[in-house]
Amino acid sequence: MHPGMFGKALTTIFGALLLVLLVAGVARVAYWLLAPLVPILVTAVALGVIYWFIFRGIRRR
């Protein structure tokens with residue numbers, strides 16, 4: 001086993017670990033920023049569906 005081989009494997013593992021940590025950090029920040037908006041989005045979608053059912057249902061009959 002020559003010295004350069006082990007160092008390359010360690011560099012690859014370290015790079016992959018850094019990438020995973022970066023993705024996890026970005027996901028956590030995105031969740032932290034978007035979490036307050038989720039109830040607003042759910043409410044908007046629910047109201048839209050109710051509106052669509054009421055007005056489309058009445059006009060078709």
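- The hydrophobic cluster containing Leu37, built from Ile/Leu/Val/Met/Phe/Trp/Tyr side-chain heavy atoms closer than 4.5 Å, also comprises Leu34, Ile40.
- Considering only residues two or more places apart in sequence or on other chains, Val20 meets the side-chain contact (heavy atoms from CB on, under 4.5 Å) condition with none of them.
- In the hydrophobic clustering, where aliphatic and aromatic side chains (Ile, Leu, Val, Met, Phe, Trp, Tyr) are joined below 4.5 Å either directly or transitively, Leu41 stands alone.
- Val29 forms part of a hydrophobic cluster together with Trp32, Leu33, judged by ILVMFWY side-chain heavy-atom separations under 4.5 Å.
- In this structure, the separation between CG on Leu47 and OG1 on Thr43 is 6.5 Å, given to the nearest 0.5 Å.
- Side-chain heavy-atom separations under 4.5 angstrom define the hydrophobic clusters, and the remaining members of the one that includes Leu18 are Phe14.
- Minimum interatomic distance between Pro39 and Ala35 (heavy atoms only, all atoms of both residues): CD-O, 3.5 Å.
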